[in-house]
Amino acid sequence: MSIALFPGSFDPLTNGHLDIIRRASKMFDKVVVGIGNNAGKKALFTPEEKKILISQIVADLPNVEVAIINGLTVQFMAEINAKFIVRGLRNSKDFEYERDIAGVNSTLADVETVLLLAKPENQNISSSMVKEIGSVAADNMAKFVPPVVVKALKDRLH
């Protein structure tokens, strides 16, 4: 069974993230959306809140699960028997970052990173931008995030 991990902070999950999850679910027997903690970012939602939101969003994908990552990504991968990391690329900056992380991960464990290119309509979406837009123009968020996230953002930011 091919198991892939799609790790991220997902604060919040965007349409770009969802597109990567949907595409990965067609490539692997099982995809685990792993919610990590990025110490360099101030989170809007707790890992538990993100897990609930993302679980609702991917409920129509039977081979997708949502989990919270504690510790290193490769350690979590060993726990769930995943051999693949899925990451999305929006631009060349993402590529350079992901290339470096993939190198470190492959040094630490026997894992392969699969990079999926963002679709043009998702190339400019980031969770940080969504939070900024949501703080001043909540009605425009529906272009960037699933409906359940729009509601959660409106509740949290207003």
Side-chain angles (χ1 to χ4, degrees), residues 1-41 43-128 130 142-153:
M1 176 187 281
S2 61
I3 302 172
L5 174 67
F6 180 38
S9 55
F10 305 114
D11 193 48
L13 183 108
T14 67
N15 289 338
H17 294 133
L18 182 56
D19 179 59
I20 297 297
I21 293 166
R22 288 190 184 286
R23 290 163 52 199
S25 74
K26 295 175 185 172
M27 299 170 65
F28 299 97
D29 296 321
K30 179 177 171 183
V31 175
V32 177
V33 179
I35 301 164
N37 180 35
N38 186 335
K41 296 180 181 179
L44 188 60
F45 296 101
T46 67
E48 293 76 17
E49 289 171 325
K50 292 180 219 180
K51 183 177 179 184
I52 291 167
L53 285 171
I54 297 168
S55 294
Q56 291 172 9
I57 294 164
V58 300
D60 65 324
L61 301 171
N63 65 330
V64 175
E65 296 178 8
V66 184
I68 296 171
I69 299 173
N70 293 305
L72 292 175
T73 298
V74 293
Q75 291 171 323
F76 182 72
M77 290 180 71
E79 292 173 24
I80 63 170
N81 296 316
K83 293 292 183 193
F84 302 94
I85 300 174
V86 173
R87 299 294 292 160
L89 293 180
R90 295 171 297 179
N91 53 44
S92 60
K93 184 178 174 185
D94 281 356
F95 171 76
E96 290 180 10
Y97 174 78
E98 296 299 343
R99 178 200 58 207
D100 293 347
I101 296 296
V104 170
N105 285 334
S106 68
T107 299
L108 293 173
D110 181 24
V111 298
E112 192 67 47
T113 299
V114 177
L115 303 173
L116 298 177
L117 299 177
K119 291 185 176 175
E121 62 269 22
N122 297 322
Q123 288 177 347
N124 297 314
I125 301 173
S126 73
S127 294
S128 300
V130 166
K143 299 173 185 174
F144 306 111
V145 296
V148 69
V149 175
V150 171
K151 182 182 179 333
L153 283 167

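Computed from heavy atoms alone, side chains included, the values below leave out hydrogens, waters and symmetry copies. Counting begins at 1 with the first residue of the sequence. As the structure is a computational prediction, the values presented were derived from the model and not from experiment.
- Within the 4.5 Å cutoff, side-chain heavy atoms of L153 are placed close to those of V149.
- We find the CG-CD distance between L89 and Q123 to be 10.0 Å, quoted to the nearest 0.5 Å.
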Using the side chain to side chain contact (heavy atoms under 4.5 Å, CB included) rule, take L116 and M27 through it: C-alpha gap first, then chi angles, then the decisive distance, then the call.
-> CA-CA 11 Å; L116 298 177; M27 299 170 65; 3.9 Å; yes

Side chain to side chain contact (heavy atoms under 4.5 Å, CB included) between V145 and L13, worked out = CA-CA 7 Å; V145 296; L13 183 108; over 6 Å; no

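- Summarising the geometry of D94 relative to G88, their closest heavy-atom pair is OD2-O, 4.2 Å, with the distance given to 0.1 Å.
- For the atom pair CZ of R23 and CG of L18, the computed distance is 11.5 Å after rounding to the nearest 0.5 Å.
- Of all the heavy atoms in A109 and V74, the pair that sits closest is CB-CB, 3.9 Å.
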Output side-chain donor-acceptor pairs under 3.5 Å for residues 48-67, partner residues at least two apart or in another chain, one line each.
| from | atom 1 | to | atom 2 | distance (Å) |
| --- | --- | --- | --- | --- |
| E49 | OE1 | T46 | N | 2.8 |
| E49 | OE1 | T46 | OG1 | 3.4 |
| E49 | OE1 | R156 | NH1 | 3.2 |
| E49 | OE2 | R156 | NH2 | 2.7 |
| K50 | NZ | S9 | O | 2.8 |
| S55 | OG | K51 | O | 2.7 |
| D60 | OD2 | R22 | NH1 | 3.1 |
| D60 | OD2 | R22 | NH2 | 3.4 |
| N63 | ND2 | S25 | O | 2.8 |
| N63 | ND2 | F28 | O | 3.1 |
| N63 | ND2 | D29 | O | 3.3 |
| E65 | OE2 | K30 | NZ | 3.4 |

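- Side chain of E96 to backbone of K93: no donor-acceptor contact under 3.5 angstrom is found.
- E112 CD: 12 or fewer foreign heavy atoms inside a 6.0 Å radius.
- The minimum heavy-atom distance between A142 and N15, with the atom names listed, is O-ND2, 4.1 Å.
- Summarising the geometry, atom CG belonging to L115 is positioned 9.0 Å from atom CZ belonging to R87; distances are rounded to the nearest 0.5 Å.
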Under 3.5 Å, side-chain donor or acceptor atoms of residues 76-83 against the rest of the protein: list the pairs with distances, not counting sequence neighbours.
none

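- Inter-residue side-chain proximity for P12 and H17 is flagged as unmet; no heavy-atom pair is nearer than 4.5 Å.
- Residues D11 and A43 share a closest heavy-atom pair of OD2-CA, 3.1 Å.
- In this structure, NZ on K26 lies 13.0 Å from CD1 on I21, to the nearest 0.5 angstrom.
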Could you walk me through whether V104 and D100 pass side chain to side chain contact (heavy atoms under 4.5 Å, CB included), step by step?
-> CA-CA 6 Å; V104 170; D100 293 347; 5.9 Å; no

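- Side-chain contact check for T113 versus S106: every heavy-atom pair is 4.5 Å or farther apart.
- One finds the CZ atom of F144 at 9.5 Å from the OG atom of S126 (value rounded to the nearest 0.5 Å).
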Evaluate side chain to side chain contact (heavy atoms under 4.5 Å, CB included) for L5 paired with I69, printing each intermediate quantity in order.
-> CA-CA 10 Å; L5 174 67; I69 299 173; 4.1 Å; yes

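- Summarising the local packing, CG of N91 is surrounded by more than 12 heavy atoms from other residues, nucleotides or ligands at distances under 6.0 Å.
- Put simply, CG on L117 and CG on N122 are 12.0 Å apart, with the number rounded to the nearest 0.5 Å.
- Between S2 and F84, the shortest heavy-atom distance links the atoms CB-CE1, 4.2 Å.
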